[in-house]
Amino acid sequence: MTAKPKWFQTTAIDYPNSRPHIGTAFEKLGADVQARYRRMEGYDVCFLMGNDENTLKVADKAKELGLDPQAYCDDMARQFREVWDALDISYDVFIQTSSERHKQCCRKFAQKVYDNGYIYKGSYEGWYCPGCEEFKSDKVHAENAGQCPNHKRPLVRRSEPCYYFKLSAFKDRLLKELKENPQFVQPESRRNEMIGFIEAEGLDDLNISRHGEQWGIPLPFDPEFTIYVWFDALLTYITGIGYGDDEATFAKNWPCDTHFIGKDITRFHTHIWPAMLWAAGLDAPTKVFSHGFVTVDGTKMGKSMGNVVQPLDIIAKSSVDAYRYFFMRECPFPGDGDYSGQRFEEVYNTELANNLGNLLSRTITIPAKNYGGVFDGTAGVTPDAVVPNLNLAEFVATVRGHVEACRYNTALQAIVQDFLTPTNQYLEANAPWKLVKTDKEAAKKVLFNAVQSLRVTAILLKPFIPKSAEAIYTSFNFPTPWADVRYADAAELTAQPDDLRVTAELIDGKPKPLFPRIG
RNA sequence: GGCGGGGUAGCUCAGUGGUUAGAGCAAUCGCUUCAUAAGCGAUGGGUCGCCGGUUCAAACCCGGCCCCCGCUACCA
């Protein structure tokens with residue numbers, strides 16, 4: 001027996017200022033489809049997610065609510081997980097950066113980089129607002145005529161000591177990695193941006209410390225300073241799998257096979273993060289995938305816009321799988337997408353209710369009525385292909401390629417248009433509901449073939465809509481247990497040892513609609 | 001400003017030189033009634049951003065122009 005290949009993937013960790021919206025969920029969903037697909041394909045998957053808590057905003061928010069920061073963080077973590085669980089996000093590790101374990105490992109990492117000579121003390125000079133007690137960027141300074149936009153008082157030039165990470169030392173190595181390894185940053189457009197950036201601007205050393213903060217992780221070599229948030233946030237990807245305290249688990253999983261992130265933080269993950277890892281003597285991640293953003297009714301979502309949509313609100317009106325299907329089918333994962341209630345209804349009714357759900361209903365009801373749900377004499381019979389001019393093995397290979405490249409919408413489009421719709425056409429062309437009156441055996445064979453199409457469909461849809469795919473699959477007595485099916489099983493039509501039977505629960509001879517129409 | 005991507009049917013998009021430019025959704029009409037008022041078929045609808053060039057032939061190649069979007073150091 002050979003060991004399973006490992007697959008380690010992460011999503012970005014989130015600021016727990018407010019509950020997750022559909023944009024945050026988009027990332028988790030895309031990552032989840034990949035994780036589920038990899039598990040199906042026999043990988044030993046570790047899927048890591050978490051919350052990024054060591055930020056001032058979090059401490060402020062807790063204060064505002066009169067809560068201890070830790071209590072606040074723990075409660076938000078609970079709320080986040082509630083949403084992820086409702087969306088069937090199959091994470092294996094959920095890490096909070098305020099956890100003691102993370103902090104300890106974080107300090108170990110910082111010490112290591114310091115010992116390796118990639119952190120040095122310097123000073124940071126910039127425009128400071130005494131009212132805000134923080135530095136403002138040159139941009140803010142320029143745009144507000146040298147005044148603080150909050151306090152309307154002049155910003156003052158100020159210099160304070162800090163610690164720098166020697167990012168510049170990795171410029172050539174990074175450029176080489178970016179250019180020679182196309183998989184390192186996906187999609188391609190983001191990779192080009194990252195290469196272009198270094199070529200145009202070079203790489204400057206980065207201030208990684210803050211001074212005089214209470215909430216945060218102190219630098220091990222100088223406790224006067226805390227580690228600036230993103231430096232510790234990125235480290236969850238390794239502390240979550242045991243860096244610094246469980247080397248066996250860490251060694252097994254690292255390097256990361258895919259970091260799923262939003263396109264806005266691509267630079268952190270493709271410039272700073274690999275450099276940090278190299279500075280500590282570790283490998284860079286294999287792939288960083290930058291997904292697009294979700295808009296609502298064509299406009300950017302935001303608190304100030306008052307158009308924030310939460311996943312649970314959509315699920316309440318439909319179902320988890322409807323939610324998952326919509327975003328994976330309608331929004332190209334590498335690019336941006338839009339959510340609107342109208343479009344949601346359209347996609348749901350057309351593809352899930354009418355096409356898929358109805359197909360299941362009709363292929364259950366006719367056999368149930370005419371054959372008592374048992375396809376006598378089909379044991380050992382190889383099904384006929386239902387879709388003309390389709391090489392099933394090639395088709396499945398195509399879908400697999402789309403899934404592996406995170407082109408989820410294209411994968412689903414292929415499944416619906418090239419497989420599901422033709423199955424409905426096949427039924428129409430052969431009309432088993434008529435044929436059954438003249439040639440019961442022939443009608444049975446037609447239905448048998450159609451049901452086998454549903455088997456293929458259920459397998460292909462498993463990573464996308466796990467519950468519904470299982471409901472379809474277990475509506476019949478297919479021999480391979482659901483937990484064991486792989487895409488390879490969808491690639492061929494084979495005989496089964498027992499007569500095919502309808503195993504779905506029937507009420508008055510009919511199954512419960514899988515996706516009841518909405519609207 | 002610089003670098004990158006894009007402008008194709010009402011909507012979302014496919015289509016990198018070769019017959020009358022395609023798909024899905026939406027619209028209209030017909031067939032059907034096994035099924036979730038579901039299914040199937042047909043039809044309408046496009047000066048392929050604008051102008052010029054290369055070519056026997058251009059949505060596709062080249063030049064110019066207009067417009068949109070992304071990146072340009074810390075908001076998924």
Side-chain angles (χ1 to χ4, degrees), chain A residues 11-15 17-18 20-28 52 55 57 137-139 167 187-197 199-208 228-231 233 260-268 271-272 290-294 298 300-303 329-332 335-338 340 342-343 346-347 349-370 409-410 413 416-418 421 423-437 443 446-447 450 510-518:
Chain A
T11 63
I13 56 174
D14 301 302
Y15 288 130
N17 303 341
S18 54
H21 53 64
I22 57 175
T24 319
F26 185 51
E27 172 176 294
K28 315 307 170 199
D52 184 8
T55 136
K57 282 182 188 169
S137 66
D138 289 348
K139 197 174 158 190
L167 179 62
E188 199 65 23
S189 55
R190 298 294 157 204
R191 174 172 169 247
N192 293 338
E193 280 175 9
M194 293 306 110
I195 292 173
F197 179 90
E199 289 186 331
E201 323 255 338
L203 288 174
D204 294 338
D205 291 345
L206 284 157
N207 178 1
I208 57 158
Y228 198 27
V229 281
W230 54 260
F231 195 91
F260 290 96
I261 57 160
K263 62 185 183 181
D264 55 333
I265 51 175
T266 309
R267 227 181 70 72
F268 282 100
H271 289 169
I272 301 168
S290 290
H291 63 77
F293 287 169
V294 173
K300 201 174 162 177
M301 191 172 18
K303 271 187 203 164
R329 169 72 177 94
E330 192 61 14
C331 307
D336 296 338
D338 186 57
S340 76
Q342 190 194 334
R343 188 68 192 144
E346 243 169 54
V347 171
N349 283 335
T350 315
E351 297 189 356
L352 289 178
N354 299 353
N355 199 331
L356 177 60
N358 183 52
L359 177 62
L360 179 68
S361 288
R362 65 202 308 210
T363 46
I364 287 176
T365 310
I366 313 172
K369 271 188 192 164
N370 297 285
N409 64 323
T410 315
Q413 181 183 40
V416 172
Q417 288 178 19
D418 302 337
T421 296
T423 302
N424 268 319
Q425 289 166 339
Y426 170 81
L427 280 182
E428 212 63 35
N430 294 283
W433 50 90
K434 274 186 191 162
L435 193 57
V436 74
K437 291 168 190 162
V446 168
L447 291 162
K510 292 184 170 198
K512 197 174 138 223
L514 189 60
F515 295 104
R517 281 180 60 92
I518 54 174

Practice problem: Check whether more than 12 heavy atoms from other residues, nucleotides or ligands sit under 6.0 Å from atom CD of A:Gln342, and answer yes or no. | Solution: no
Quiz item: Expressed as a whole number of Å, how far does the P atom of B:C31 sit from that of B:U36?
Solution: 23 Å
Quiz item: In whole Å, what separates the P atom of B:G70 from that of B:A59?
Solution: 30 Å
Quiz item: Hey, does the side chain of A:Asp205 reach the backbone of A:Leu167 with a donor-acceptor pair shorter than 3.5 angstrom?
Solution: yes
Self-check item: For B:G4, the Watson-Crick or wobble counterpart (both distances under 3.5 Å)
Solution: B:C69
Self-check item: For B:A21, the Watson-Crick or wobble counterpart (both distances under 3.5 Å)
Solution: none
Quiz item: A:Asn349 CG to B:G39 C1': how many Å, rounded?
Solution: 15 Å
Quiz item: Given the P atoms of B:C69 and B:U28, what is the spacing between them in whole Å?
Solution: 34 Å
Quiz prompt | Side chain of A:Asn354 - closest among B:U36, B:C71, B:G39 | solution = B:G39
Exercise. Keeping the roles fixed (side chain from A:Thr350, backbone from A:Val347), state whether a donor-acceptor pair exists under 3.5 Å.
Key: no
Quiz item: For B:U54, which nucleotide is its Watson-Crick or G-U wobble mate, given both distances must be under 3.5 Å?
Solution: none
Quiz item: On RNA chain B, nearest-nucleotide positions of A:Phe293 versus A:Trp433: which is more 5'?
Solution: A:Trp433
Quiz item: Taking atom P of B:A37 as reference, at what distance in whole Å does atom CZ of A:Arg362 sit?
Solution: 12 Å
Exercise. Could you give the distance separating B:C25 and B:A42 at their P atoms, to the nearest angstrom?
Key: 13 Å
Quiz item: Any donor-acceptor pair under 3.5 Å linking the side chain of A:Asn409 with the backbone of A:Glu330?
Solution: no
Quiz item: With rounding to whole Å, what would you report as the distance between B:C11 and B:C71 at their P atoms?
Solution: 25 Å
Quiz item: For B:A27, which nucleotide in any strand shown is its Watson-Crick or wobble partner with both distances under 3.5 Å?
Solution: B:U43
Quiz item: Given that both distances must come in under 3.5 Å, which nucleotide forms a Watson-Crick or G-U wobble pair with B:A59?
Solution: none
Practice problem: Could you work out which one of B:U72, B:C75, B:U36 sits closest to the side chain of A:Pro513? | Solution: B:U36
Quiz item: With a 4.0 Å cut-off on heavy atoms, is A:Ala200 in touch with a base, just the backbone sugar-phosphate, or nothing at all?
Solution: nothing
Quiz item: Under 3.5 Å, is there a donor-acceptor pair between the side chain of A:His291 and the main chain of A:Gly335?
Solution: no
Quiz item: Sub-3.5 Å donor-acceptor pair from the side chain of A:Lys28 to the main-chain atoms of A:Ala12, do we have one?
Solution: yes
Quiz prompt | B:A9 versus B:U47 - spacing of their C1' atoms, nearest Å | solution = 13 Å
Quiz item: Parallel, tilted or perpendicular for A:Phe268 and A:Trp230, by the 30°/60° rule?
Solution: tilted
Quiz item: Reckon A:Tyr228 touches a base, only the sugar-phosphate, or nothing at all at heavy-atom distances under 4.0 Å?
Solution: base
Exercise. Please measure how far the P atom in B:G39 lies from the corresponding atom in B:G24, and state the result in whole Å.
Key: 13 Å
Quiz prompt | Check: A:Asp336 side chain, A:Gly292 main-chain N or O, donor-acceptor pair, under 3.5 Å | solution = no
Exercise. Nearest whole angstrom, please: distance from the P of B:C74 to the CD1 of A:Ile261.
Key: 15 Å
Quiz item: If you look at every strand shown and take non-hydrogen atoms under 4.0 Å, does A:Val436 touch a base, only sugar-phosphate, or nothing?
Solution: nothing
Exercise. Return the value, rounded to whole Å, for the distance between atom CD of A:Glu188 and atom P of B:C3.
Key: 19 Å
Listing time: all N or O pairs from protein to nucleotides 25-31 of chain B that are below 3.5 Å?
from  : atom 1 : to       : atom 2 : distance (Å)
B:C25 : O2'    : A:Glu346 : OE1    : 3.0

Quiz item: Should A:Lys263 be listed as having a side-chain N or O under 4.0 Å from OP1 or OP2 of B:G70?
Solution: no
Quiz item: If you measure from the C1' atom in B:G7 to the same atom in B:U12, how many Å do you get, rounded?
Solution: 14 Å
Quiz item: Which whole-number value in Å describes the distance from A:Leu514 CG to B:A38 P?
Solution: 17 Å
Exercise. From the options B:G41, B:U36, B:G70, select the nucleotide whose nearest atom is closest to the side chain of A:Ser361.
Key: B:U36
Exercise. Give A:Thr421 one of three labels, base, sugar-phosphate or nothing, depending on what nucleic acid heavy atoms sit under 4.0 Å from its own.
Key: sugar-phosphate
Quiz item: If you check the A:Phe268 side chain, which of B:C74, B:G70, B:C40 turns out closest?
Solution: B:C74
Quiz item: If you look at every strand shown and take non-hydrogen atoms under 4.0 Å, does A:Asn192 touch a base, only sugar-phosphate, or nothing?
Solution: nothing
Quiz item: Just checking A:Gly196: base, sugar-phosphate only, or nothing, at a heavy-atom cut-off of under 4.0 Å?
Solution: nothing
Practice problem: Have a look at A:Lys369 and say if it touches a base, only the backbone sugar-phosphate, or nothing, with a 4.0 Å heavy-atom cut-off. | Solution: sugar-phosphate
Self-check item: Distance in Å, A:Ile518 CD1 paired with A:Glu346 CD, rounded so as to fall on 0.5 Å steps
Solution: 11.0 Å
Self-check item: Listed partners of A:Thr266 passing side chain to side chain donor-acceptor pair (under 3.5 Å), at least two apart
Solution: A:Ser290
Quiz prompt | Whole-Å distance separating the CG atom of A:Asn358 from the C1' atom of B:A35 | solution = 5 Å
Quiz item: Tell me: CG of A:Asn370 to P of B:A35, nearest whole Å?
Solution: 10 Å
Quiz item: Distance check: side-chain N/O of A:Arg517 vs OP1/OP2 of B:A38, anything under 4.0 Å?
Solution: yes
Quiz item: Choosing from B:U32, B:C74, B:G24, which nucleotide comes nearest the side chain of A:Lys434?
Solution: B:U32
Self-check item: A:Gln417 side chain near B:A14 phosphate (N/O to OP1/OP2, under 4.0 Å)
Solution: no
Self-check item: Nearest-Å distance for atom pair CG/P, residues A:Asp336 and B:U12
Solution: 13 Å
Quiz item: Hey, what do you get for OG (A:Ser189) to CE (A:Met194), rounding to the nearest 0.5 Å?
Solution: 9.5 Å
Quiz item: Nearest nucleotide by nearest heavy atom, which residue falls closer to the 5' end of RNA chain B, A:Lys57 or A:Thr365?
Solution: A:Thr365
